[in-house]
Structures are given as structure tokens and as C-alpha cells.
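Data first, discussion second: the structure below is written as C-alpha cells.
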Number of protein chains: 2
Amino acid sequence: METEISTEQKILDAAEEVFIEEGFSGARMQQIADKAGINKAMLHYYFRSKDKLFELVFAYKMKQFMPRVESVLQNPALSLLDKLDAFVEAYLDMLRHNPRLPMFILSTMNRNPELMKSANIQFGKWIIQLIEEEIEKGTIKRVNPHQFMLTLIGMCIFPFVGRPVFSAVFELKKEAYELILTERKEHVQAYIRFILEP
Amino acid sequence: METEISTEQKILDAAEEVFIEEGFSGARMQQIADKAGINKAMLHYYFRSKDKLFELVFAYKMKQFMPRVESVLQNPALSLLDKLDAFVEAYLDMLRHNPRLPMFILSTMNRNPELMKSANIQFGKWIIQLIEEEIEKGTIKRVNPHQFMLTLIGMCIFPFVGRPVFSAVFELKKEAYELILTERKEHVQAYIRFILEP
DNA sequence: AAGTGATTTAACCAGTTGGTTAACGCAAAG
DNA sequence: CTTTGCGTTAACCAACTGGTTAAATCACTT
């Protein structure tokens with residue numbers, strides 16, 4: 001049985017694909033219409049303009065990109081190490097299912113930094129505070145929280161945004177790079193423990 | 001005294017700025033002409049087409065982006081740790097002078113992976129081989145060379161491509177982020193020693 | 001001064017782009 | 001059966017885009 005997909009949703013799906021592949025200025029309304037299997041005028045009927053359509057797609061993708069970790073972070077039964085482990089686990093899984101997401105968000109934000117409004121931002125402060133508390137308590141080694149988080153997030157994201165360059169420089173074929181991505185989770189988690197465990 | 005700048009060079013400089021700011025599809029030939037202070041027809045007189053002009057700019061920027069480390073890597077007077085230290089030192093300095101370079105290269109390569117031809121690629125193999133040799137000799141700890149290099153390069157590049165997102169999430173103002181970039185070098189070098197020193 | 005080749009300009013052009021419009025189809029409501 | 005309002009379409013449009021052209025200007029040689 002076929003699930004009915006509304007025209008609106010077909011447009012959003014197509015727009016997502018095209019914007020991620022081509023970026024805002026590279027994307028063409030006609031291309032989105034074709035991919036959605038509809039008339040170009042429908043795009044403007046449902047979403048007034050290219051800008052509006054892009055805003056919606058971007059906000060949706062941004063939500064996906066920002067880790068939803070409030071519940072994990074606030075779970076008192078978990079140590080900081082366990083929390084970070086869970087974060088890396090979930091985040092790397094999500095990225096493997098959306099490998100082009102990071103480049104889409106990062107490159108869009110680079111040309112349009114004010115777009116950040118559409119995102120939930122709170123968890124940054126929480127993590128920093130959490131790290132500082134644990135350092136005070138002496139349960140983890142003393143590190144610079146921002147430098148540490150920059151490295152940690154970079155370790156998750158860079159394999160995806162840097163893939164073409166990295167696999168060219170180190171002459172890694174598709175399968176070899178896939179293997180690296182598979183093993184990345186353990187590697188990052190080992191890094192966390194190695195850096196933080198007293 | 002004023003140094004004469006050829007029209008050709010003025011165009012290249014302007015094209016570089018515009019392509020880096022806007023990307024290929026976002027860049028406009030008229031904008032490049034305006035920035036170079038010349039007529040649009042001159043662009044086509046000196047460089048046949050937008051594609052040709054972009055290719056030149058990209059190849060030039062790619063050369064800048066790829067670290068030139070042959071001499072350092074092959075200097076037998078330096079230990080691997082010293083070589084990596086020197087690499088990080090030089091590379092982070094270069095990036096601080098060209099903060100938008102990484103995003104330009106990475107996003108272009110993501111949409112156009114075959115452009116890699118224009119780059120010198122050899123140093124990847126050398127570094128991997130070097131790391132494996134040192135592991136054999138027991139002078140550094142046993143690590144997965146590719147995972148290690150992915151982390152190391154990511155540590156250098158991510159602060160630049162991820163800046164807008166990161167500074168928003170952690171609510172870092174310009175000065176705070178600049179400080180982090182300043183301290184990044186030491187942080188990366190400390191990481192290298194911490195991971196590799198037996 | 002006239003010729004010559006490279007450089008520069010304004011005007012132009014055809015194709016593309018985001019966006020609009022007016023008519024049409026069609027199901028539900030009256 | 002007619003009306004009403006949403007969904008859909010083809011045709012259209014003005015602005016913009018990369019690219020061209022023919023004439024003008026400049027620097028230099030003869």
C-alpha cells in the first residue's frame with residue numbers, strides 16, 4: 001500500500017536534497033520542482049519565494065544538526081565520561097546517516113552567520129559548566145573546556161566535511177574511508193577517556 | 001611610490017575575494033569586475049570564462065592550502081614529534097592569515113571532488129609511513145595513523161570552518177574566539193605529545 | 001605622422017532565473 | 001446543478017547572467 005505524501009512534503013523533500021547538494025545560490029527552483037514531480041508555480045504557491053523555502057529547509061536541518069542532549073546531560077546517574085560517550089555515540093550515528101549535513105550547515109553559516117537564531121543553543125553553556133564542575137571536584141583532569149570541546153566536536157564533524165580532501169591526500173578508497181568512519185566512534189571515545197581520566 | 005599592479009593581477013585578486021566570499025555559483029562576474037575597478041569585458045579578455053577564472057583561482061588557493069612540508073618531513077635531524085610540531089606551527093599560522101581558505105577549499109571539493117588533480121598529494125603517504133616506522137621502532141605509542149592524522153588535521157582546520165556555529169553554541173564573542181585561536185597551537189602540540197610520547 | 005598591435009570600453013545578446021498571472025479542474029457545500 | 005475555494009497548470013515576464021562585438025584608445029615602432 002502506498003502512503004500518500006502531500007505536495008507540500010514532496011516539495012520540502014526535494015528542496016532539501018537540492019539545497020544540500022547545490023547550496024542556496026547553486027540550487028534552481030526548476031530543479032526542485034522537477035525532483036518533486038510538480039510544476040514550478042507550485043513552489044511559489046506553497047512557499048512564497050526561494051528565500052522562504054530555504055529558510056524552512058535550513059531551520060529543519062539545523063535542528064537535526066544540533067545535538068539533542070539535554071536529557072542525557074541532566075541525567076544524574078551518568079558520569080561526565082558516560083555522558084560524553086553517549087553524545088559521541090548518538091552524534092556520530094546521526095552524521096553517518098546524514099553525511100552531507102555538516103557541510104551544508106557549516107558553509108551556509110559561514111556566508112550567513114545570523115541564521116543561527118533558528119537553533120537551540122543552550123547546551124553549550126551546560127557542557128562547559130559540567131566540565132568545570134568536574135574539574136573542581138577532581139574527577140577529571142584539568143583541561144581548557146573550550147579547547148577540549150572544539151577538538152571533540154571537530155573529531156566528529158571533520159571526517160565528514162573534510163572527506164574529499166582527506167581521502168585524496170591519503171589515497172583512501174571508498175571502502176577504506178568507510179572503515180575509518182566505522183572505527184571513528186571508538187577512537188573518539190578512547191580520546192575522551194585518555195584526555196579526561198585522572 | 002606606488003607599485004604598478006597589472007590588470008591581470010587586479011582581476012585575480014578581486015576574483016579570489018569574491019569566489020571565497022560567495023562560492024562559485026554565488027559569485028558574479030560583474031562583482032569581480034567592480035572590485036577590480038575594470039570593465040566586465042576585461043574579465044573575458046584575460047580569462048575566457050567564469051569557469052577558467054575559477055579554475056585558476058582554485059588551483060592557486062589549493063596550493064596555498066596544501067601544506068608544503070617535504071623539507072621538514074625529510075630532515076633527518078628532527079624527531080617525528082618535532083616534525084609534527086613544526087607542521088602545526090606553520091599550518092596554523094597560515095590558516096590564521098587565511099581564515100576563510102579552509103571553507104573555500106572544503107566546500108568546493110565537496111561539490112567537485114575531481115578538482116583534486118591540481119594539488120600536490122604525496123605528503124600524505126610519507127607521513128603515514130613515518131608514523132608506522134616510529135611505531136615499529138617503539139619511539140612513539142601505537143596509534144592508528146589515519147585516525148590520528150584525521151584528528152590532527154581536524155584540530156587545525158575545524159576551528160576555522162566551524163567558527164560561526166561553535167562561537168554561537170558557546171556564546172563566544174569575537175575576542176574570546178580570537179584568544180582560543182591564539183592558544184590553539186599550544187593545545188594541538190600538547191595533544192600530539194600526550195598521544196604519541198611513550 | 002602613420003601604422004600596428006595590445007588594451008579598454010559601451011552597447012548588445014541570447015539564455016536563464018525567480019516569480020506572476022489567468023485560466024482550468026475538481027471535490028465538497030449549498 | 002451550481003457555487004465556492006483550494007490545488008494545479010501553461011504561458012508569460014522582467015531582471016539578471018555569462019559572454020560577445022565592434023569601435024575606440026593607448027603605447028610604441030617605423
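The figures that follow rest on heavy atoms only: side chains count, while hydrogens, waters and symmetry mates do not. Reminder, nothing fancy here: chain letters follow the sequence lines and each chain counts from 1.
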Rounded to the nearest angstrom, tell me the gap between atom [atom1] in [X] and atom [atom2] in [N].
X: A/L43; N: C/dG18; atom1: CG; atom2: C1'; result: 10 Å
X: B/E8; N: C/dT8; atom1: CD; atom2: C1'; result: 15 Å
X: A/M42; N: D/dG7; atom1: CE; atom2: P; result: 8 Å
X: A/F47; N: C/dG18; atom1: CZ; atom2: C1'; result: 16 Å
X: A/I11; N: C/dG19; atom1: CD1; atom2: C1'; result: 14 Å
X: B/D34; N: C/dA10; atom1: CG; atom2: P; result: 12 Å

Exercise for review: Answer yes or no: does a side-chain N or O of A/Y45 lie under 4.0 Å from OP1 or OP2 of C/dT21?
Suggested key: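 For C/dT21, neither OP1 nor OP2 has a side-chain N or O of A/Y45 closer than 4.0 Å.
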Exercise for review: Taking only the side-chain nitrogens and oxygens of B/T7, find out if one of them lies under 4.0 Å from OP1 or OP2 of C/dT7.
Suggested key: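 B/T7 to C/dT7 OP1/OP2: no side-chain N or O under 4.0 Å.
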Check your understanding: So, do B/F19 and B/F104 have ring centers that fall under 6.0 Å from each other?
Key ->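 Ring centroids of B/F19 and B/F104 are no less than 6.0 Å from each other.
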Review point. Which letters describe nucleotides 22-27 of chain C, given B = protein heavy atom under 4.0 Å from base, S = only from sugar-phosphate, - = neither?
Key: ------
Check your understanding: Where along nucleotides 12-26 of chain D does protein come under 4.0 Å, by heavy atom, of base (B) or sugar-phosphate alone (S), with - for untouched nucleotides?
Key -> -----SBBBB-----
Under 3.5 Å donor-acceptor pairs involving side-chain atoms of residues 20-30 of chain A, not counting sequence neighbours:
| residue | atom | partner | partner atom | Å |
| --- | --- | --- | --- | --- |
| A/R28 | NH1 | A/S25 | O | 3.2 |
| A/R28 | NH2 | A/S25 | O | 3.4 |
| A/Q30 | NE2 | A/D34 | OD1 | 3.0 |

**Study point:** Ionic contact status for A/E178 with A/R96, cut-off 4.0 Å
**Key:**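 Salt bridge between A/R96 and A/E178, a charged N being under 4.0 Å from a carboxylate O: yes.
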Check your understanding: Any salt bridge between B/K185 and B/D93, counting N to O under 4.0 Å?
Key ->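 Between B/D93 and B/K185 there is a salt bridge, with a charged N closer than 4.0 Å to a carboxylate O.
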Practice item. Give the cluster check for B/L179 versus A/V143: same hydrophobic cluster or not, with ILVMFWY residues linked at side-chain heavy-atom distances below 4.5 Å. Key: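 No, it is not one cluster - the side chains of B/L179 and A/V143 are not joined through contacts under 4.5 Å.
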Exercise for review: Please go through A/L78's hydrophobic cluster and name the other residues, only I, L, V, M, F, W, Y counting, with side-chain heavy atoms under 4.5 Å joining them.
Suggested key: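 When side chains under 4.5 Å apart are linked, the cluster holding A/L78 also contains A/V72.
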Exercise for review: Hey, could you give me each pair passing side chain to side chain donor-acceptor pair (under 3.5 Å) that has a residue in residues 136-161 of chain B? Not counting sequence neighbours.
Suggested key: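 Listed by first then second residue: A/R184-B/Q147, A/R184-B/T151, B/E134-B/K137, B/E134-B/T139.
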Check your understanding: Could you give all pairs that pass the side chain to side chain donor-acceptor pair (under 3.5 Å) test and reach residues 38-60 of chain B, with sequence neighbours left out?
Key ->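 As it turns out, there is no side chain to side chain donor-acceptor pair (under 3.5 Å) pair with a partner in residues 38-60 of chain B once direct neighbours are skipped.
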Check your understanding: With a cut-off of 6.0 Å (strictly less than), are more than 12 heavy atoms of other residues, nucleotides or ligands near CD of B/E186?
Key ->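 Counting other residues, nucleotides and ligands, CD of B/E186 stays at 12 neighbours or fewer.
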